[in-house]
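The block underneath contains the structure these notes are about, expressed in structure tokens.
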Amino acid sequence: MVARTSLISRRTAQKFRQAAILAAGSVKIKLLLFCCFLFTLTLLASRTPSFLGWGQQSVPLLDRTSSKGYTLLINTWKRYDLLKQSISHYTSCPRLDSIHIVWSEPDPPSDALVKYLNQAVKSNAGNNHHIELAFDINKEDSLNNRFKEIKNPRTDAVFSIDDDIIFSCKSVEFAFSVWQSAPDTMVGFVPRIHLINRSKENENSYIYGGWWPVWWTGTYSMILSKASFFHMKYLRLYTNEMPTSIMEYVKRNRNCEDIAMSFLVANATGAPPIWAKGKIYEIGSTGISSLGGHSDKRTECVNRFVSEFGKMPLVPTTVKAVDSRGTWFW
């Protein structure tokens with residue numbers, strides 16, 4: 001009886017030792033996994049400064065002195081507060097070299113507005129960064145004015161933008177670096193697509209597709225000039241070589257100058273544009289795109305321009321440029 005009791009005690013003690021060993025092993029494994037997790041987290045944080053909000057400064061993609069910057073070409077119309085806000089923001093972007101404000105109002109800009117904008121440029125640009133500010137005054141009001149040739153430009157790159165939307169400097173600098181890799185094409189943030197009109201027997205009939213067809217298909221063939229980079233030479237081509245009938249159509253209908261520019265670039269290159277990822281901040285009220293029949297008018301423009309060009313020059317693509325430094329999954 002005593003021997004049996006002793007045997008049971010030894011077996012019980014052995015089970016306790018085995019349980020203790022297993023528990024210790026489990027703790028070691030959990031500790032090792034936790035250390036691996038911390039190491040991975042630290043490595044990712046060091047590679048991506050914005051991860052989990054760590055670090056607020058973004059490093060420019062390229063040093064400003066290593067390449068020319070870009071010209072901000074901003075279209076405006078009697079929205080001075082929006083213009084002030086936009087200029088104040090973009091003058092803090094490191095690669096911005098000059099600003100051209102497309103002015104088509106009947107009255108010239110006021111002295112107070114000019115003074116404010118010049119002061120904003122000086123205060124935001126920094127001591128070692130001189131930004132040229134110019135008003136391109138036009139005698140008549142026409143959407144064609146936004147693509148008038150700039151005489152003696154300081155840069156090859158143009159960043160065309162409306163006064164009621166803003167992109168972060170980080171997004172703009174990224175899109176600029178993408179454009180530098182393909183300077184003959186358009187690079188921007190607002191994609192659109194042309195679709196074949198399947199309801200008609202004529203295969204040369206097209207439909208203008210807005211954001212939702214782009215989102216659904218993942219395909220686009222245009223980048224709107226309300227937020228895009230392109231080469232300065234296309235301003236010269238638009239001013240001097242765009243068919244007069246198209247320019248008159250744009251002026252008369254007060255629409256589709258951006259589609260006309262997309263046709264011009266695609267016709268010259270035979271290549272698609274490039275969509276760069278960037279978050280858009282709308283700071284103004286809705287524009288002509290919110291008016292009734294907007295898509296129908298744009299569809300009419302597409303078909304009219306196809307007729308004028310004698311073909312459909314737009315090239316569909318599914319490529320999207322993404323800055324992987326600030327992206328968790330890519």
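From a predicted model like this one, the values you see are computed outputs, not experimental measurements.
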Hey, quick one: are [X] and [Y] part of the same hydrophobic cluster, counting side-chain heavy atoms closer than 4.5 Å, chains of contacts allowed?
X      : Y      : answer
Val114 : Ile131 : yes
Ile280 : Ile283 : yes
Phe309 : Val315 : no
Leu117 : Ile137 : yes
Ile166 : Trp77  : no

To the nearest 0.5 Å, how far apart are [atom1] in [X] and [atom2] in [Y]?
X      : Y      : atom1 : atom2 : answer
Ser168 : Lys279 : OG    : NZ    : 10.5 Å
Lys170 : Cys93  : NZ    : SG    : 13.0 Å
His129 : Lys122 : NE2   : NZ    : 15.0 Å
Asn118 : Ile87  : CG    : CD1   : 10.5 Å
Asn75  : Leu83  : CG    : CG    : 10.5 Å
Asp258 : Cys256 : CG    : SG    : 7.0 Å

Find out whether [X] and [Y] are in side-chain contact, i.e. whether some heavy atom of one side chain is under 4.5 Å from a heavy atom of the other.
X      : Y      : value
Leu143 : Ser104 : no
Asn138 : Val102 : yes
Met312 : Phe263 : yes
Ile196 : Tyr206 : yes
Lys148 : Asp136 : no
Thr76  : Leu82  : no
Val319 : Pro272 : no
Leu314 : Phe305 : no

Derivation and outcome, side-chain contact (heavy atoms from CB on, under 4.5 Å), residues Val265 and Ile223
CA-CA 10 Å; Val265 177; Ile223 292 294; over 6 Å; no
Just do the side-chain contact (heavy atoms from CB on, under 4.5 Å) check on Asp323 and Lys277 with the steps written out, would you?
CA-CA 8 Å; Asp323 187 354; Lys277 182 180 179 180; over 6 Å; no
Any donor-acceptor pair under 3.5 Å from [X] side chain to [Y] backbone:
X      : Y      : answer
Thr219 : Thr318 : no
Ser88  : Gln85  : no
Asn145 : Ser142 : yes
Ser225 : Ser160 : no
Arg95  : Lys68  : yes
Arg154 : Asp97  : yes
His100 : Pro153 : no

Using salt bridge (Lys or Arg N to Asp or Glu O under 4.0 Å) as the criterion, point out the one residue from Lys251, Lys226, Arg146 that pairs with Glu257.
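Only one option passes, and that is Arg146.
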Taking all non-hydrogen atoms of both residues, which atom of [X] and which atom of [Y] are closest, and how far apart?
X      : Y      : result
Ile274 : Ala321 : CG2-CB, 4.1 Å
Ile259 : Cys301 : CD1-CB, 4.4 Å
His194 : Pro316 : CE1-CG, 4.0 Å
Phe230 : Ser228 : CD2-OG, 3.9 Å
Gly209 : Leu195 : CA-CD1, 4.5 Å
Gly278 : Ser171 : CA-OG, 3.9 Å

Can a salt bridge be assigned to the pair Arg254 and Asp141 using a cut-off of 4.0 Å between side-chain N and carboxylate O?
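Between Asp141 and Arg254 there is a salt bridge, with a charged N closer than 4.0 Å to a carboxylate O.
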Is it true that Arg79 and Asp164 make a salt bridge, defined as a side-chain N closer than 4.0 Å to a carboxylate O?
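Salt bridge: yes.
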Does atom NZ (Lys84) have a neighbourhood of more than 12 heavy atoms from anything else shown, all under 6.0 Å?
yes
Could you go step by step and tell me if Ser86 and Ile74 meet the side-chain contact (heavy atoms from CB on, under 4.5 Å) rule?
CA-CA 9 Å; Ser86 294; Ile74 185 167; 3.8 Å; yes
Donor-acceptor side-chain pairing of [X] and [Y] below 3.5 angstrom:
X      : Y      : result
Lys297 : Asn253 : no
Gln180 : Tyr70  : no
Thr155 : Thr71  : yes

Give every residue pair that meets the salt bridge (Lys or Arg N to Asp or Glu O under 4.0 Å) criterion with at least one member in residues 101-113, sequence neighbours excluded.
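For residues 101-113, and leaving out neighbouring residues, there are no salt bridge (Lys or Arg N to Asp or Glu O under 4.0 Å) pairs at all.
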Parallel, tilted or perpendicular: which one describes the rings of Phe176 and Trp179, with boundaries at 30° and 60°?
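Correct class here is parallel.
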Table please: side-chain donor-acceptor pairs of residues 232-242 below 3.5 Å, with sequence neighbours left out.
| from | atom 1 | to | atom 2 | distance (Å) |
| --- | --- | --- | --- | --- |
| Lys233 | NZ | Asp184 | OD1 | 2.7 |
| Tyr234 | OH | Asp184 | O | 2.6 |
| Tyr238 | OH | Asn144 | OD1 | 2.6 |
| Thr239 | OG1 | Phe147 | O | 3.1 |
| Thr239 | OG1 | Glu149 | N | 2.9 |
| Thr239 | OG1 | Leu235 | O | 2.8 |
| Asn240 | ND2 | Glu149 | OE1 | 3.4 |
| Asn240 | ND2 | Arg236 | O | 3.2 |

Please report the C-alpha distance between His294 and Arg298 in whole Å, then the side-chain angles of each, then the deciding distance to 0.1 Å, and finally whether the side-chain contact (heavy atoms from CB on, under 4.5 Å) criterion is met.
CA-CA 6 Å; His294 177 70; Arg298 306 278 278 183; 3.6 Å; yes
Let me know which of Tyr90, Phe189, Phe229 forms a ring pair (Phe, Tyr, Trp, His ring centres under 6.0 Å) with Phe167.
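Only match with Phe167 under ring pair (Phe, Tyr, Trp, His ring centres under 6.0 Å): Phe189.
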